[in-house]
Every structure is written in structure tokens, then in C-alpha cells.
Amino acid sequence: PGGPGNVIDVSAARHHSCAVRSDSTAWCWGYDYHGELGYGRASPETGSAVGQPWPVQVMVSAGVPLTGVTKIVATGYSTCALLNTGEVRCFGYNGNSNLADATGSVARSYASLPVRAGETNAGSPGSPLTGVTELTGADRHYCARLNTNRVVCWGWGPYGQQGNGTTADNNGAVYVHNKDNGSCTAADQSGCLADIVEVSAGAWTTCARDTSGYAYCWGYNANYQLGN
């Protein structure tokens, strides 16, 4: 998008791609049936194709562009953007709670929505998620590292890729648990995965690295993705 040399971050998924410009705006192109380009309206159909052959600007709402973007992550049929405020906004498909809108009632969104805290932890239920320093995602789930060095995840969860001890989809960000410890809630974080400096999401598995150089993984393990 725009002139040469102004792209500071880029992310590609199966059918669409996105980029962040040096002016902290976000732009996407490609397939857009579910709103994964985030430019505020459905793409017109041309024959069997639904999408945009050129970059379109990601919006908060019609006529209001999303600004302050530092990182963008394109996944299967949705996209999330990390802002310089430490918040995350997502757009596109929400059939597996990919957008973490805290209700799960939105099937898809053509403009960006704020990621919200889960019902039982990661902040007051339904409040916007804050303090995010790193964002990752793959297929139909996302994870974020917070400024407390804890990790939260949301979206599709049938293989445990949310890391909170369940296989449910999460329509709000929930803390990743440490299997060997106790409770992991906003009130009692003694059992939350801690001291994390990096997190990376794969299609059905997620891994993280801590300050001591240990790696932790959770999710699908049929092909030994967890390394245990």
C-alpha cells in the first residue's frame, strides 16, 4: 500500500494478506467473504470471486480508519491488529469466537472490534483487553503476551489450544494455565503460566518461551507437536 518503503509489518494467511504502514495504519487485500479485510463493508462479488485485488484500509467503522497499529496478524478467515495502546482489535469471521467480542453473537464483522476479556479471568468480563505487548495467531485462534508476562488466548479451542484446561471456544481472552500449579483467574494468578517472553501460535498448537529459556506447548499432539 502506498509508496515504496513505508511497510513496517506484514502478515499473510491462506486467502488474504495485510500490512502496517509507517503511519500506523493497516491495509489488507485478497479474499473478503467474512470481512477479513476489515474495511467496513462487504466486498462486491465479481463472478465467483469475493475480495479486493488492491490494498484497502482497515476501519473502526464506516469512514473512521483504524490508527495506532503496530502489528497485524492474518489467520484463516479473520485478522487481528495490535495497537500502540496495548489493545487488540479484530475483524472477519467469528464462528469460532475468533473476534473475542465477549458475546459470540456476531457471526462476522466487516470493521474492527475490540478484543474483550473472558468471562472468568483476564480482566473484568466483557471489558476491552489491555496491556498486550505481543500478538500471534493461526487458523482460528489467537494468543497475546501481556505486560505482566502472562499469556491469554481466544477463539477456536477443540484441541486445547487456548491453554486454559478446556476444549471450548472462548469468546473472550482467557489466561493460559500452568498445568503443575493451582488457580488461574484475575483474582488468583498463582496457577497461570508466568514469566513468558515469547509466544507463537500454530494451527492447532501454541508454544511459549519463558525467561529461564524453557519452552511450553499446549494443544493438539497427535503428531507430537507438544514435544513431551
Student: Restricting to side chain to side chain donor-acceptor pair (under 3.5 Å), what partner residues turn up for S24, sequence neighbours left out?
Tutor: none
Student: If I compare all heavy atoms of R150 with all of A194, which pair ends up nearest, and what's the gap?
Tutor: NH1-CB, 2.9 Å
Student: Can you list everything that forms a side chain to side chain donor-acceptor pair (under 3.5 Å) with Q225? Sequence neighbours excluded, please.
Tutor: none
Student: How long is the straight-line distance from CG of N170 back to CG of N96, given to the nearest 0.5 Å?
Tutor: 11.5 Å
Student: Can you list the other members of the hydrophobic cluster that holds V60, where links are side-chain heavy atoms under 4.5 angstrom apart?
Tutor: I8, V20, V58, V64, L66, V69, I72, L83, F91
Student: Give every residue pair that meets the salt bridge (Lys or Arg N to Asp or Glu O under 4.0 Å) criterion with at least one member in residues 158-178, sequence neighbours excluded.
Tutor: none
Student: Sequence neighbours left out, what passes salt bridge (Lys or Arg N to Asp or Glu O under 4.0 Å) with D9? Give chain and number order.
Tutor: K71
Student: What pair of heavy atoms forms the shortest contact from S97 to W154, and how long is it?
Tutor: O-CD1, 4.0 Å
Student: Check A100 against A173 and note the closest heavy-atom contact, atom names and distance.
Tutor: CB-N, 4.5 Å
Student: Look up atom CG in L226 and atom OG1 in T206, then write down how far apart they are to the nearest 0.5 Å.
Tutor: 9.5 Å
Student: Could you pull out the closest heavy-atom pair between C18 and T79, with the gap in Å?
Tutor: SG-CG2, 3.8 Å
Student: H34: which residues meet the ring-ring contact (aromatic ring centres under 6.0 Å, His included) condition with it, sequence neighbours left out?
Tutor: Y77, Y93
Student: What distance separates C184 SG from N164 CG, expressed to the nearest 0.5 Å?
Tutor: 8.5 Å
Student: Applying side chain to side chain donor-acceptor pair (under 3.5 Å), can you list everything that pairs with R89, at least two apart in sequence or on another chain?
Tutor: S112
Student: Under the criterion side-chain contact (heavy atoms from CB on, under 4.5 Å), I'd like the reasoning laid out for V197 against D210: C-alpha separation, chi angles, the key distance, then a yes or no.
Tutor: CA-CA 5 Å; V197 295; D210 71 7; 5.9 Å; no
Student: Evaluate side-chain contact (heavy atoms from CB on, under 4.5 Å) for V176 paired with C153, printing each intermediate quantity in order.
Tutor: CA-CA 7 Å; V176 174; C153 297; 3.7 Å; yes
Student: To check you understand the geometry: which heavy-atom pair defines the closest contact between H141 and W156, and what is its length?
Tutor: CB-O, 3.5 Å
Student: Checking R145 now: which residues fulfil salt bridge (Lys or Arg N to Asp or Glu O under 4.0 Å) with it, not counting sequence neighbours?
Tutor: E134
Student: What pairs with D23 under side chain to side chain donor-acceptor pair (under 3.5 Å), at least two apart in sequence or on another chain?
Tutor: T25
Student: I'd like to know if the side chain of T205 and the backbone of G219 have a donor-acceptor N/O pair within less than 3.5 Å.
Tutor: no
Student: Considering residues at least two apart in sequence or located in another chain, which fulfil the salt bridge (Lys or Arg N to Asp or Glu O under 4.0 Å) criterion with E198?
Tutor: R209
Student: Hey, are the side chains of Y33 and H15 touching, using non-hydrogen atoms and a 4.5 Å cut-off?
Tutor: no
Student: For T70, check side chain to side chain contact (heavy atoms under 4.5 Å, CB included) against everything at least two apart and list the hits.
Tutor: L82, N84
Student: Can you confirm whether T130 sits close enough to E87 that some side-chain heavy atom of one is under 4.5 Å from a side-chain heavy atom of the other?
Tutor: yes
Student: Give a yes or no on whether V152 and Y142 share a hydrophobic cluster (residues Ile, Leu, Val, Met, Phe, Trp, Tyr; joining criterion: side-chain heavy atoms under 4.5 Å apart).
Tutor: yes
Student: Given 3.5 Å as the limit, does a donor-acceptor pair link the side chain of Q57 with the main chain of Y39, or not?
Tutor: no
Student: Mind checking whether S78 and L99 have side chains closer than 4.5 Å, heavy atoms only?
Tutor: yes
Student: If Ile, Leu, Val, Met, Phe, Trp and Tyr residues are connected whenever their side-chain heavy atoms lie under 4.5 Å apart, and connections chain through other members, are L193 and Y214 in the same group?
Tutor: yes
Student: Rounded to the nearest 0.5 Å, what separation is found between the OG1 atom of T75 and the CG atom of N98?
Tutor: 6.5 Å
Student: Roughly how far, to the nearest 0.5 Å, is OG of S11 from CG of L135?
Tutor: 9.0 Å
Student: Could you grab the distance from atom OG1 of T166 to atom NE2 of H177, nearest 0.5 Å is fine?
Tutor: 8.0 Å
Student: Please tell me if the side chains of W29 and P53 come closer than 4.5 Å, counting only heavy atoms from C-beta onward.
Tutor: no
Student: Residues two or more places apart in sequence or in another chain: which of them pass ring-ring contact (aromatic ring centres under 6.0 Å, His included) with Y220?
Tutor: Y159, W204
Student: For T136 versus V73, what's the shortest heavy-atom pair and its separation?
Tutor: C-CG1, 4.2 Å
Student: Could you tell me whether the side chain of W218 and the main chain of Q161 form a donor-acceptor pair under 3.5 Å?
Tutor: yes
